[in-house]
**Q** 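Attaching a single structure in structure tokens format; questions to follow.
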Amino acid sequence: GTRLAIYQREYRDFDYSAMYQELSNANGRLEVREVSDLLAESDTANIDSFVTSTMSGDDTIEMMFTSGTTGSPKAVMHSTDTIMSAIRPFIDRLELSDLDVIYMGAPMAHATGFLYGMWVPLIVGATAVVQDIWDAELAWEAIEKERVTFTMGATPFLSDLVSTHISGRSVSLETFVCGGAPVPRALVKKAQLELGIKVIAVWGMTECGVVTSTSLVDNDDKIYNTDGFPYEGFLIKIVNSACENLSSGEEGRLLVKAPSLLKGYYGKQLEDYIQDGWFDSGDLAKLDEDGYLRITGRSKDIIIRGGENIPVVEVENVLYRYPGVGDVAIVGKPHSRLGETGVCFVTLNEGVAVDLEDFQRHLLNEGVAKNYWPEDIVVIEEMPRTPSGKIQKFELRNLVNNVGV
């Protein structure tokens with residue numbers, strides 16, 4: 001249904017003009033404009049027409065695809081109102097202002113980059129530092145040169161910054177907001193102790209932006225073991241399969257009711273995803289006695305071994321602490337008797353070797369129940385990831401099912 005596409009002629013050695021012309025020929029209604037030509041043609045009349053347009057805060061202004069970590073991406077639609085509802089409480093809790101310098105290494109076509117790398121600096125009047133292609137050493141150069149104070153990204157971004165930091169280098173970076181995947185305790189400790197960076201844990205989705213976060217004054221226990229507490233006006237609850245509320249400490253489905261919720265998925269019925277104002281996140285979670293959230297897995301990622309649910313995220317966090325481990329991801333493998341068993345995919349630092357027995361000894365020493373242990377280990381060079389850094393577990397599951405890992 002797109003009527004107009006504005007593109008850059010060439011980007012990363014790819015010719016977009018040829019691609020868009022082909023799309024235009026096939027579509028018949030699609031007008032394509034190269035950005036430099038469009039800028040050359042711009043005039044005051046066009047700007048005045050835009051300023052006096054009759055768009056409202058409820059009109060859809062953004063359509064962004066979900067990450068696709070567990071299945072096919074869906075096109076999420078947001079308005080100015082839903083976007084601002086996501087940004088304002090984030091700014092307030094983290095006390096951002098025009099004195100900050102905000103760095104962003106995540107792509108602008110992802111909610112992290114779009115909302116918190118572009119919109120937040122615009123709203124507070126802060127300096128924005130944007131990196132086109134992620135490279136930790138280049139990131140440190142930009143952070144040092146621009147005196148960056150704040151950034152946000154998935155766990156791999158923080159891990160890369162910590163591992164490439166040069167001892168003795170001045171660190172202006174005060175706050176790293178980390179989300180999109182569990183944050184290993186050892187990584188948070190290293191960032192805090194060695195670099196003096198305050199790590200903030202968050203949970204959010206493309207469908208609603210950040211909903212929960214720790215605060216600047218939370219203690220280490222909350223940062224290590226939770227994904228924060230909801231913003232004012234945002235509601236969360238944990239329910240069982242019958243949609244009955246669960247008590248603190250009990251694992252169930254995470255539902256969200258918030259002013260930042262999506263307007264809908266393009267081409268889909270919103271009623272299939274939101275019931276009585278509550279959005280089913282697809283995540284499994286539990287609340288502690290203080291109302292802090294802890295994501296324990298994805299409902300589509302769950303492994304049921306011999307009738308018992310495996311706390312995948314908790315096992316992965318323990319394995320992250322094994323010396324020399326880079327990334328860990330556990331997925332299910334069909335089993336004739338148990339239903340499923342766990343397959344652990346792992347990347348290792350250079351010169352490190354590990355086998356299943358090493359991991360099992362580590363899990364035993366950490367007090368992890370044996371029925372939670374993965375029964376296979378696969379060492380790979382690199383995890384399949386989305387552009388924002390999230391591990392694509394469905395790709396690993398495909399390896400298990402289609403290649404017979």
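Quick note: numbers below take in every heavy atom, side chains included, and nothing from hydrogens, waters or symmetry partners.
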**Q** Does atom CD of Glu250 have more than 12 heavy-atom neighbours from other groups under 6.0 Å away?
**A** yes
**Q** Under 3.5 Å, is there a donor on one side chain and an acceptor on the other for Ser79 and Asp59?
**A** no
**Q** Can you give me the closest heavy-atom contact between Ile295 and Asp227, atom names plus distance?
**A** N-OD2, 2.9 Å
**Q** Measure the OG1-CE distance between Thr151 and Met104 for me, rounded to the nearest 0.5 Å.
**A** 5.5 Å
**Q** Which heavy atom of Cys344 sits nearest to which heavy atom of Phe359, and what is that distance?
**A** SG-CE2, 3.8 Å
**Q** Quick one: which of Val129, Val148, Leu138 gives a side chain to side chain contact (heavy atoms under 4.5 Å, CB included) with Ile143?
**A** Val148
**Q** Just do the salt bridge (Lys or Arg N to Asp or Glu O under 4.0 Å) check on Arg294 and Asp288 with the steps written out, would you?
**A** CA-CA 8 Å; Arg294 182 54 171 173; Asp288 70 10; over 6 Å; no
**Q** Using side-chain heavy atoms (C-beta onward) and a distance below 4.5 Å, is Lys198 in contact with Glu174?
**A** no
**Q** Would you call Asp276-Lys257 a salt bridge at under 4.0 Å N-O?
**A** no
**Q** Determine whether more than 12 heavy atoms belonging to other residues, nucleotides or ligands lie under 6.0 Å from atom CD of Glu31.
**A** yes
**Q** Does either side chain, that of Gln131 or that of Tyr103, offer a donor lying less than 3.5 Å from an acceptor on the other one?
**A** yes
**Q** Is the closest side-chain heavy-atom distance between Leu261 and Thr82 below 4.5 Å?
**A** no
**Q** Could you walk me through whether Val35 and Tyr7 pass side-chain contact (heavy atoms from CB on, under 4.5 Å), step by step?
**A** CA-CA 6 Å; Val35 66; Tyr7 65 93; over 6 Å; no
**Q** What's the spacing between Leu195 CG and Leu173 CG if we round to 0.5 Å?
**A** 8.5 Å
**Q** Between the main-chain N or O of Val318 and the side-chain N or O of His362, is there a donor-acceptor pair closer than 3.5 Å?
**A** yes
**Q** Between the side chains of Arg397 and Glu395, is the shortest nitrogen-to-carboxylate-oxygen separation below 4.0 Å, so that they form an ion pair?
**A** no
**Q** When you compare the side chain of Val171 with that of His165, does any pair of heavy atoms fall below 4.5 Å?
**A** yes
**Q** With rounding to the nearest 0.5 angstrom, report the OH to OG distance, Tyr292 to Ser213.
**A** 9.0 Å
**Q** Under a 3.5 Å distance rule, please check whether Ser281 uses its side chain to pair with a backbone N or O of Leu254 as donor and acceptor.
**A** yes
**Q** Tell me which pairs pass salt bridge (charged side-chain N to carboxylate O under 4.0 Å, His left out) where either residue lies in residues 11-20, with sequence neighbours left out.
**A** Arg12-Asp132
**Q** Where does the angle between the aromatic ring planes of Tyr231 and Phe90 fall among parallel (under 30°), tilted (30 to 60°) and perpendicular (over 60°)?
**A** perpendicular
**Q** Using the side-chain contact (heavy atoms from CB on, under 4.5 Å) rule, take Tyr322 and Asp358 through it: C-alpha gap first, then chi angles, then the decisive distance, then the call.
**A** CA-CA 9 Å; Tyr322 189 91; Asp358 293 328; 3.4 Å; yes
**Q** If you look at every heavy atom in Gly105 and Trp134, which pair is closest and at what distance?
**A** CA-CE3, 4.3 Å
**Q** Any heavy-atom pair between the side chains of Val239 and Leu246 that's under 4.5 Å?
**A** no
**Q** Within the structure provided, determine whether Val202 and Thr212 are in side-chain contact (heavy-atom separation under 4.5 Å).
**A** no
**Q** Do Ser159 side-chain atoms and Thr155 backbone N/O form a donor-acceptor pair below 3.5 Å?
**A** no
**Q** Could you tell me if the side chain of Tyr224 sits less than 4.5 Å from the side chain of Asp221, heavy atoms only?
**A** no
**Q** Cation-pi check, Arg93 to Phe229: give yes when NZ or CZ is under 6.0 Å from the six-membered ring centre and within 45° of the ring axis, no otherwise.
**A** yes
**Q** Report yes if some heavy atom in the side chain of Asp327 is under 4.5 Å from a heavy atom in the side chain of Val346; otherwise report no.
**A** no
**Q** Rounded to the nearest 0.5 Å, how far does CZ of Phe279 lie from CG of Leu270?
**A** 9.0 Å
**Q** Looking at Glu95 and Ile91, would you say the former's side chain and the latter's main chain have a donor-acceptor pair under 3.5 Å?
**A** no
**Q** Do Pro230 and Leu235 touch side chain to side chain, with heavy atoms closer than 4.5 Å?
**A** no
**Q** Between Thr60 (side chain only) and Met77 (backbone N and O only), is there a donor and an acceptor less than 3.5 Å apart?
**A** no
**Q** Give a yes or no on whether a salt bridge exists between Glu375 and Lys333, defined as a side-chain N under 4.0 angstrom from a carboxylate O.
**A** no
**Q** At what distance, to the nearest 0.5 angstrom, does OH of Tyr20 lie from CZ of Arg9?
**A** 13.5 Å
**Q** As an exercise, state the distance from CE of Met152 to CG of Leu158, rounded to the nearest 0.5 Å.
**A** 12.5 Å
**Q** Go through the structure and list residues passing side-chain contact (heavy atoms from CB on, under 4.5 Å) with Ala329, not counting sequence neighbours.
**A** Glu316, Met383, Ile391, Lys393, Leu396
**Q** Examine the side chains of Gln21 and Asn25 and answer whether a donor and an acceptor come within less than 3.5 Å of each other.
**A** yes
**Q** Between Arg321 and Glu366, is the closest basic N to carboxylate O distance under 4.0 Å?
**A** yes
**Q** Using salt bridge (Lys or Arg N to Asp or Glu O under 4.0 Å), reason through Arg253 and Asp283 one step at a time and then give a plain yes or no.
**A** CA-CA 6 Å; Arg253 291 159 46 216; Asp283 279 337; over 6 Å; no
**Q** Which heavy atom in Ile83 sits nearest to a heavy atom in Ile61, and how many Å separate them?
**A** CD1-CD1, 3.9 Å
**Q** If we ignore hydrogens and angles and just use 3.5 Å, is the side chain of Asn27 paired with the main-chain N or O of Ser24 as donor and acceptor?
**A** no
**Q** What's the verdict on side-chain contact (heavy atoms from CB on, under 4.5 Å) for Ile236 and Leu293, showing C-alpha distance, side-chain angles and the deciding distance?
**A** CA-CA 9 Å; Ile236 60 175; Leu293 179 73; 4.2 Å; yes
**Q** Minimum heavy-atom separation for Val124 and Asp98, please, with both atom names.
**A** O-CB, 3.3 Å
**Q** For Val211 versus Cys208, what's the shortest heavy-atom pair and its separation?
**A** CG2-SG, 3.6 Å
**Q** Keeping the roles fixed (side chain from Thr214, backbone from Gly228), state whether a donor-acceptor pair exists under 3.5 Å.
**A** no
**Q** Could you tell me whether the side chain of Trp373 and the main chain of Val368 form a donor-acceptor pair under 3.5 Å?
**A** yes
**Q** Looking at Thr149 and Val101, would you say the former's side chain and the latter's main chain have a donor-acceptor pair under 3.5 Å?
**A** yes
**Q** If the threshold is 4.0 Å, N to carboxylate O, is there a salt bridge linking Lys286 and Glu314?
**A** yes
**Q** Walk me through it: do Glu357 and Arg361 pass the test side-chain contact (heavy atoms from CB on, under 4.5 Å)?
**A** CA-CA 6 Å; Glu357 289 185 1; Arg361 280 193 296 270; 4.0 Å; yes
**Q** With a 3.5 Å distance limit and no angle check, can you tell me whether Thr175 reaches the backbone of Phe150 through a side-chain donor-acceptor pair?
**A** no
**Q** Is Lys189 salt-bridged to Asp220, cutoff N-O under 4.0 Å?
**A** no
